[in-house]
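The figures here come from the full heavy-atom set of this structure, side chains too, leaving out hydrogens, waters and symmetry mates.
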Amino acid sequence: MKVKKVSKLLKSLSKCGEKGIAWLVDPEKELDFDKFTWVKDSGLDLILVGGSGSTSQNFERVVQSLKKISGTIPICIFPGSHLQLSGKADAILFMSLISGRNPEFLISHQVQAASEVESLGLEVLPTGYILVNDGELLSVHSSSQTLPLSNEDFEFVKSTALAGKFLGMRFFYLDAGSGAATPVSKKVISEVKVAVKCPLIVGGGLTSSERVKTAFEAGADLIVLGNSIEKDPGFLAEVLHLKSVFNLSLNVN
């Protein structure tokens, strides 16, 4: 079993109230990783790799490429299916899509992956994965054949997260979906965080510093950026500065 880097990171952020930033890399994209050698010195806390696609023939190659540019930043699998596995990664978000009712993503892919995950020795993070936005249907909803929960129905989102906690999940991921026009709402984030009292990851639609700040203030421990980093490294610099200011003010107080 690998050193528990990722759970230690997330638990530390949640306990201390500090904030972290992750980069989500879609293995289906053809990225030139030679252009991302700066990542190891960027100040990122975590790199996630995976996507909503059911398979990725080059998944292992992408993880190996990320290892070359990540330095000491842990790499964690964000699996789109049981086929997205690699022993080169440090950990895996072992997720159940608890916002949907499709058994394939509630438990079936997890059963198919379990033996290999154990043999690879990956650090396993039992994670409740909840899709929530303003009603947009994106690629993740199509591939999982599930509908997102509504930002307006925060009580139901909270109950969904609580059910996950009572089932033994120790980490939670609220996701508006890649390319979402609007992110997970402040109310949803705050209600879920107060209810579960567990490390909380938030992603999707975080396309401005103001949205990131709102997510942090609402209770997100780690926010996830994807396309925005690849398109504009300057945006990452803005967000990293925001994180530093937020954490510094917390430490001063």
Side-chain angles (χ1 to χ4, degrees), residues 6-7 9-24 44-46 48 76 78 93 95-100 125-136 138 140-141 146-167 169-228 235 238-240 242-247 249-250:
V6 180
S7 60
L9 165 68
L10 294 175
K11 289 177 181 178
S12 176
L13 292 173
S14 182
K15 182 179 179 180
C16 300
E18 293 190 348
K19 307 301 179 182
I21 298 173
W23 175 30
L24 173 58
L44 281 167
D45 298 277
L46 185 65
L48 298 173
C76 183
F78 173 68
L93 296 180
M95 304 186 302
S96 180
L97 180 52
I98 58 177
S99 59
L125 285 75
T127 304
Y129 186 49
I130 302 175
L131 296 171
V132 51
N133 62 31
D134 285 344
E136 291 180 89
L138 305 165
V140 65
H141 308 112
T146 65
L147 296 175
L149 303 185
S150 172
N151 270 323
E152 297 297 320
D153 198 357
F154 56 85
E155 287 290 346
F156 187 70
V157 180
K158 180 176 73 172
S159 294
T160 300
L162 270 176
K165 180 180 180 179
F166 295 156
L167 284 167
M169 295 167 187
R170 300 196 291 275
F171 305 88
F172 290 86
Y173 194 137
L174 297 174
D175 194 359
S178 178
T182 55
V184 180
S185 74
K186 182 177 182 178
K187 182 68 173 177
V188 166
I189 295 171
S190 61
E191 289 285 335
V192 169
K193 181 61 179 179
V194 170
V196 300
K197 298 178 177 62
C198 295
L200 180 60
I201 304 168
V202 177
L206 298 172
T207 54
S208 70
S209 296
E210 188 60 35
R211 288 183 174 185
V212 171
K213 182 180 178 183
T214 297
F216 279 157
E217 291 176 341
D221 298 302
L222 181 84
I223 62 100
V224 180
L225 305 176
N227 297 339
S228 54
F235 174 62
E238 287 181 30
V239 175
L240 287 167
L242 177 64
K243 181 192 83 165
S244 298
V245 171
F246 194 102
N247 290 345
S249 65
L250 184 70

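A distance of 9.5 Å separates NZ in Lys158 from OG in Ser190, rounded to the nearest 0.5 Å. Expressed to the nearest 0.5 Å, how far OG of Ser96 lies from OH of Tyr129 amounts to 12.0 Å. In this structure, the separation between CZ on Phe235 and OG on Ser208 is 6.0 Å, given to the nearest 0.5 Å. The distance from atom CD1 of Ile189 to atom CD1 of Ile223, rounded to the nearest 0.5 Å, is 10.0 Å. Note that CG of Leu200 and CD1 of Ile130 are 8.5 Å apart. Values are rounded to the nearest 0.5 Å. One distance of note links CG of Leu162 with CD of Glu155; it measures 10.0 Å at 0.5 Å rounding.
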Could you give me the CA-CA distance, side-chain angles and deciding distance for Asp221 and Ile201, then say whether side-chain contact (heavy atoms from CB on, under 4.5 Å) is met?
CA-CA 6 Å; Asp221 298 302; Ile201 304 168; over 6 Å; no
If you apply the rule side-chain contact (heavy atoms from CB on, under 4.5 Å), what do you find for Leu225 with Leu24, and how did you get there?
CA-CA 6 Å; Leu225 305 176; Leu24 173 58; over 6 Å; no
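By the 4.5 Å heavy-atom criterion applied to side chains, Leu93 and Phe78 are counted as neighbours. Between Pro199 and Lys15, the closest side-chain pair of non-hydrogen atoms is not below 4.5 Å. At a threshold of 4.5 Å between non-hydrogen side-chain atoms, the residues Glu18 and Ser12 do not count as touching. Residues Lys11 and Phe171 are in side-chain contact: their nearest non-hydrogen atoms beyond the backbone lie under 4.5 Å apart. Between Lys243 and Asn247 there is a side-chain heavy-atom pair separated by less than 4.5 Å. Within the 4.5 Å cutoff, side-chain heavy atoms of Pro148 are placed close to those of His141. Tyr173 has its side chain out of reach of Val202: every pair of non-hydrogen atoms, C-beta onward, lies at least 4.5 Å apart. You'll find the side chain of Lys213 stays beyond 4.5 Å of the side chain of Leu206, heavy atoms only.
With a 6.0 Å radius and a threshold of 12 heavy atoms from other residues, nucleotides or ligands, Glu217 has its CD atom above the threshold.
Listed for the Asp45 side chain is a donor-acceptor partner under 3.5 Å among the backbone atoms of Ile21. The closest donor-acceptor contact from the side chain of Lys165 to the backbone of Arg170 lies at 3.5 Å or more, if one exists at all. A donor-acceptor distance shorter than 3.5 angstrom exists from the side chain of Thr127 to the backbone of Leu125, with no hydrogens or angles considered. Without hydrogens or angle criteria, Asp175 side chain to Leu131 main chain gives no donor-acceptor distance under 3.5 Å.
Shown here for Ala176 and Gly204, the closest heavy-atom pair between the two residues is CB-O, 3.7 Å. Looking at every heavy atom in both residues, Ala161 comes nearest to Val192 through CB-CG1, 3.9 Å.
Side-chain polar atoms of Ser14 and Lys193 form a donor-acceptor pair below 3.5 angstrom.
Screening Leu174, Thr160, Ile98 for a side chain to side chain contact (heavy atoms under 4.5 Å, CB included) involving Leu149 leaves a single residue, Thr160.
Shown here are the ring pair (Phe, Tyr, Trp, His ring centres under 6.0 Å) partners of Phe246, two or more places apart in sequence or in another chain: Phe216. Taking Lys187 as the reference, Glu191 meet the side-chain hydrogen bond (donor to acceptor under 3.5 Å, both in side chains) condition, with sequence neighbours excluded.
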For a quick test of your reading: what N or O donor-acceptor pairs under 3.5 Å do the side chains of residues 177-186 make, sequence neighbours left out?
residue, atom, partner, partner atom, Å
Thr182, OG1, Asp134, OD2, 2.9
Ser185, OG, Asn151, OD1, 3.4
Ser185, OG, Val188, N, 3.1

